[in-house]
Amino acid sequence: MLCLHVWLLGERESGMAVPGSVQEMRERVVLGEFGIRNVHTTDFPGNYMGYNDTWNYGRFENNFRIDIVKMEGDTLEFDMVGIDAAIANAFRRILLAEVPTMAVEKVYVYNNTSIIQDEILAHRLGLIPIRVDPRLFEYRSAEEGEGTEIDTLQFELNVKCTRNPRASKDCSDPNELYLNHKVYTSHMKWLPQGNQSDLFPETDPPRPVHGDILIAQLRPGQEISVIMHCVKGIGKDHAKFSPVATASYRLLPEITLLCPIEGELADRLQRCFSPGVIGVDEVDGKRVARVINARTDTCGREIFRHDDLKDLVRMARVRDYYIFSVESTGILPPDILVSEAIKVLMGKCRRFLDELDTSQMD
């Protein structure tokens, strides 16, 4: 109890959230042995005496920030700090379902003698991500029949399997026996419509994101000949339009040692967390535990299985600190997807304000 009392005094002096205090309830989600405390947002006006929780744009502008942590290929990790869970979740849902992309909508089958039924083939083609900027196209109207160059992309797929005349007689490997027996997305060829050839350079034409996606397998005499029409859409209408493989967030973990933990306890504490979270240093001949990087912790409950450790550590999450992970399907870079999601959210806010103005006029 003495070390906990000393820690509490230090926390009060540093301005950090003290366990059980109003500040902790407002700023931390605490992970306990038998449950999670302070889950709901409670910092609304009038709920806490002495706190001015009325929304203020200046205060929001000072507290809000976005920090890019890592961007590698199609993956982006960034921190969004100073917002409510409702806004963070709205942003996540927009990334999943309301940022538009181009995908195969109609498949005209001229010949399909493979073992894959026409409906299954069309479904597989629809799920292939198409690498093209959807901002260059308009949404296709339901009244339009064939589509135009401003709202439709066309691809063709013509593959016929034949025997390899150079294959040895005793060979049993299909890769040597047959030619074109595997149909890949690399076989899809873009058919420019209207002035589309001027819009896209020859070095970067519309194409599938990955050329090695297997569509079907054929045997000699079998053939696939189809024309595909790609249109602009959003994931809310169909998952094939979703621009991300994953878009998720988690609260920033916070691990606080309430008392110096030394010796065998320090080594055991280190094993309770993910690698890199807890370190053990030599201090005056003693092995002492310290928190290295709480961010990488997965907030497991292993610590609560040890009666001599569970009361020495406080596990919490910072309420308004969101760690976002966005993995693009490759249609657009993840940073572009984030900026487009912000534009969609801003458009929703403008429409809401316009509705309010209209209702006040009525």
Side-chain angles (χ1 to χ4, degrees), residues 100-134 136-141 144-168 171-233 237-243 329-332:
T101 63
M102 302 289 288
V104 175
E105 178 69 9
K106 292 186 177 181
V107 178
Y108 298 91
V109 181
Y110 293 96
N111 191 9
N112 177 25
T113 55
S114 69
I115 63 172
I116 300 180
Q117 296 90 339
D118 294 350
E119 296 82 0
I120 303 301
L121 178 63
H123 183 265
R124 291 177 66 85
L125 294 172
L127 295 177
I128 296 172
I130 305 299
R131 187 180 183 86
V132 63
D133 193 340
L136 302 175
F137 293 86
E138 302 292 336
Y139 286 101
R140 183 169 172 175
S141 174
E144 295 183 11
E146 296 299 320
T148 63
E149 67 269 14
I150 65 172
D151 58 25
T152 305
L153 275 176
Q154 288 192 22
F155 288 88
E156 68 172 355
L157 179 63
N158 291 313
V159 181
K160 183 175 182 179
C161 179
T162 58
R163 293 187 180 275
N164 183 6
R166 298 182 180 180
S168 58
C171 178
S172 60
D173 184 4
N175 294 317
E176 296 185 16
L177 285 174
Y178 313 126
L179 299 176
N180 295 326
H181 78 289
K182 290 186 177 181
V183 183
Y184 290 103
T185 48
S186 59
H187 291 108
M188 294 172 56
K189 305 301 179 184
W190 171 50
L191 301 177
Q193 305 298 311
N195 65 345
Q196 288 182 352
S197 56
D198 299 329
L199 189 61
F200 300 101
E202 295 183 2
T203 56
D204 190 25
R207 63 190 186 278
V209 172
H210 305 286
D212 57 350
I213 300 177
L214 182 63
I215 300 174
Q217 294 193 54
L218 307 178
R219 284 299 180 262
Q222 295 181 349
E223 179 182 1
I224 292 179
S225 178
V226 299
I227 296 292
M228 294 158 277
H229 285 194
C230 302
V231 300
K232 186 176 181 178
D237 296 330
H238 196 286
K240 65 184 178 183
F241 292 111
S242 181
T329 58
I331 297 174
L332 288 173

Using 30° and 60° as the class boundaries, would you call the ring planes of H187 and Y184 parallel, tilted or perpendicular? parallel
In terms of relative ring orientation, are F137 and F200 parallel, tilted or perpendicular, with 30° and 60° separating the classes? parallel
Side-chain donor/acceptor of [X] to backbone N/O of [Y], under 3.5 Å:
{"X": "Q196", "Y": "Q193", "answer": "yes"}
{"X": "H238", "Y": "K240", "answer": "yes"}
{"X": "D204", "Y": "P201", "answer": "no"}
{"X": "N164", "Y": "E176", "answer": "yes"}
{"X": "S225", "Y": "N111", "answer": "no"}

Could you pull out the closest heavy-atom pair between [X] and [Y], with the gap in Å?
{"X": "Q222", "Y": "I115", "answer": "NE2-CG2, 4.1 Å"}
{"X": "F155", "Y": "P206", "answer": "CE2-O, 3.5 Å"}
{"X": "V209", "Y": "I130", "answer": "CG2-C, 4.1 Å"}
{"X": "S186", "Y": "K189", "answer": "O-NZ, 3.5 Å"}
{"X": "L218", "Y": "N180", "answer": "CD1-O, 4.0 Å"}
{"X": "T185", "Y": "D212", "answer": "OG1-N, 3.6 Å"}

Sort out for me which residue in K106, Q154, E105 forms a side chain to side chain donor-acceptor pair (under 3.5 Å) with H229. Q154
